[in-house]
Amino acid sequence: LEAEAKSSLVTFLGKLSNNKGQLDRIWNSTSDPCLDLWKGVTCVTQTVKILNLTRFNLSGSFDATSLCDDRSLASSLSTLILDGNNIGGDISDDIAKCKHLTRLQVSGNQISGIVSGSLSILNNLKRLDISYNKFSGNLPDLSRISGLILFLAQYNKLTGNIPTFDFSNLEQFNVSYNDFSGPAPDTKGRFPDCYLGNPKLCGDQLANKCPSPISNSENKKSKNFSKTQILMYSGYSVLAIVLIIFIIYKLLKRKKTEQKAAAVNKVASIDDNIDKPIVASTDQYKTGETRSEVSFVSGDQSAMVSTSVVVLTSPDVNGLRFEDLLRAPAELLGRGMHSSLYKIMLENGMILVVKRVKNWAISSSEFKHRMQRLDQVRHPNVLSALAFYSSQQEKLLVYEYQQNGSFLRLLHGAEMGQAFDWSSRLGIAASIGEALAFMHQELSDDGIAHGNMKSSNIFLNKNMEPCISEYGLNMMENNQCSSSIVNNGFKGDIYGFGVILLELLTGRLVQNDGVEELTRWVHSVVREEWTAEVFDKSLISEGASEARMVNLLQVAIKCVNSSPETRPTIKQVAVMINTLKEEEETSLISQA
Ligand SMILES: Nc1ncnc2c1ncn2[C@@H]1O[C@H](COP(=O)(O)OP(=O)(O)OP(=O)(O)O)[C@@H](O)[C@H]1O
């Protein structure tokens, strides 16, 4: 283990054991936590994954700062269990730096203070158990943690209103025997005893019903408007009318400007300008180099464009103009039949990528609507576009540049012998599955699937968490000549995800082998019952659980079924992968 990570761990453990000599016996500071298999510490590839100190008779204080301040510890630790000790102190805001925690259990201790609001940032959490402690004050809103399946906080001194939870995801929930007040969130008939011992709570599912917000008499009173109220409301109405007239005026003005721009574009197309790439350095373009210093500059075009880029909700690129994109120095990252991708640097130093799609058979208004709809559906593991631009000939999409590279690169690194261990692979698969399930659910009515699920469209963001890029850029219209096995729509995404799972298990890259070759090879090996031969050698030598790898392989094979209707839904796939991930974590804990 790295020296700094070890010293942080020693400080954390030292504070828990009150430095009463136990540290030397259990966690000898002269040895190595991973190599010397410290009790309660589980490592995977020389990084600390799990701290399970259940009933270790500890009585010191919980020091999240020393544990989570160390970047390497914070980025590897997935499970922290301190159940059944006598630990005091509080959970400081620094816990938020342990971003990869999926399990935080401190049940049966003496931890006090308020429950830190920064827990709500731990969006990988699956299980949070703070029961049987001395926590007080209000509970923070944890509804942002979309994957939370267990929340236990019974037997504390918590007060105030209970925030809302997503009960459809929770498998266990209990906040009994606290001092909560006000309306109890509706659990839809689940967790019948979860609110016991909170006499100030009210609600339909409790004996104590909540009073109706406005009593009848008050209701009547409110109907008798006073003179001042009438004056006030008519003032508001006049103001609203003036505002509406102003907005209509602005819209009409904008439409006129757009029409003008369209007219200019038309002139440009007659001018035979549209088929020329925007890239000025045409020589470099022709050489087909994948990386070259080019620039979007084109005197004619920057002069003619008056339509500006539509910036979505990102404040980082507010005020971005089409001209800024054109003028920024650009590096060509990739070029396909219908699109090119450029890395550009704005004057303010921000690095973006611009995807330029030509002749996409989608109308400007449909494209605009799609981009705006996609901007409303946000998930931490999906990269949203920052801005877009649309003209008849081309569409531009602007994303933040992801400097930690793609999942494909990680797999490629593994191919070259760099460590990419099983539990990280499983973790990435689970996060991607969940994110895709969320997007499919939210966008099913709009019919917007990802459209191009593959490992080069999965990135590691600045927190080293996986994120799906280019969601909704389904250019099937452009893909008529692609292989028949490639399917579009939601079922196509399942197929693409299945292929990513196959890459992850086998270590073989579609980039080298082709989709059909990879799936054909996997099927043939499985048919011959040589299943173990399928797996990446590095997973075998790491000692990854063969049973779980086989289970994931079965999920992948279901996803790449050639008949789309037979494939599972992404929700089913996400549940299956999550179960495997949970099993993996439980087995690591029991090995500790
Ligand atoms: N936001 C980003 N940050 C960093 N690198 C990116 C980003 N988006 C794409 N890339 C990388 O740039 C390269 C080219 O991307 P591009 O999208 O053109 O190609 P692709 O993903 O291989 O194919 P497709 O056009 O089908 O999506 C890929 O290696 C991709 O991983």
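In each ligand, atom 1 is the first atom listed, and ligand 1 is the first ligand listed.
Heavy atoms of Glu400 approach ligand 1 to within less than 4.0 angstrom. Contact between Lys355 and ligand 1 is present, with at least one heavy atom of the residue lying under 4.0 Å from the ligand. At a 4.0 Å cut-off, not a single heavy atom of Lys343 sits close enough to ligand 1 to count as contact.
Of all the heavy atoms of Asn452, the ones lying under 4.0 Å from any atom of ligand 1 belong exclusively to the side chain. Of the heavy atoms in Ser340, none comes closer than 4.0 Å to ligand 1. Within the 4.0 Å heavy-atom criterion, neither part of Leu473 lies near ligand 1. Using a 4.0 Å cut-off between heavy atoms, Glu470 contacts ligand 1 through its side chain alone, with no backbone atom that close.
Salt bridge annotation for Lys581-Glu434: absent, with no cationic side-chain nitrogen under 4.0 angstrom from a carboxylate oxygen.
Of the N or O atoms in Ser469, none lie within a sub-3.5 Å distance of an N or O in ligand 1. Geometrically, ligand 1 and Tyr401 share no nitrogen or oxygen pair separated by less than 3.5 Å.
The ring-ring contact (aromatic ring centres under 6.0 Å, His included) test applied to Phe535 returns no partner, not counting sequence neighbours.
For the residue pair Glu585 / Thr79, no side-chain donor-acceptor distance below 3.5 Å is found, with atom types taken as modelled.
Atoms of ligand 1 lying under 4.0 Å from any heavy atom of Asn457, numbered from 1 in the order shown and given with element: 21 (O), 27 (O). Heavy-atom contacts of Leu341 reach the following atoms of ligand 1: 8 (N), 9 (C), 10 (N), 12 (O), 14 (C), 15 (O), 18 (O) (cutoff under 4.0 Å). For ligand 1, the atoms lying closer than 4.0 Å to a non-hydrogen atom of Ser339 are 25 (O). With ligand atoms numbered from 1 in the order given, ligand 1 contributes 20 (P), 21 (O), 22 (O), 30 (C), 31 (O) to contacts under 4.0 Å with heavy atoms of Ser456.
No donor-acceptor pair closer than 3.5 Å links the side chain of Asp94 to the backbone N or O of Cys68. Using a distance-only test at 3.5 Å, with no hydrogens or angles considered, a donor-acceptor pair links the side chain of Ser541 to the main chain of Lys537.
Annotation for Glu4: atom CD does not count as buried by contact number, only 12 or fewer foreign heavy atoms lying within 6.0 Å. Residue Lys99 places its NZ atom among more than 12 non-hydrogen atoms of other residues, nucleotides or ligands, all under 6.0 Å distant.
At least one side-chain heavy atom of Tyr401 sits under 4.5 Å from a side-chain heavy atom of Leu333.
Looking at Tyr399, Phe459, Phe407, Tyr342, it is Phe459 that brings a heavy atom closest to atom 9 (C) of ligand 1.
Ring pair His379/Phe438 is tilted by interplanar angle, where 30° to 60° counts as tilted.
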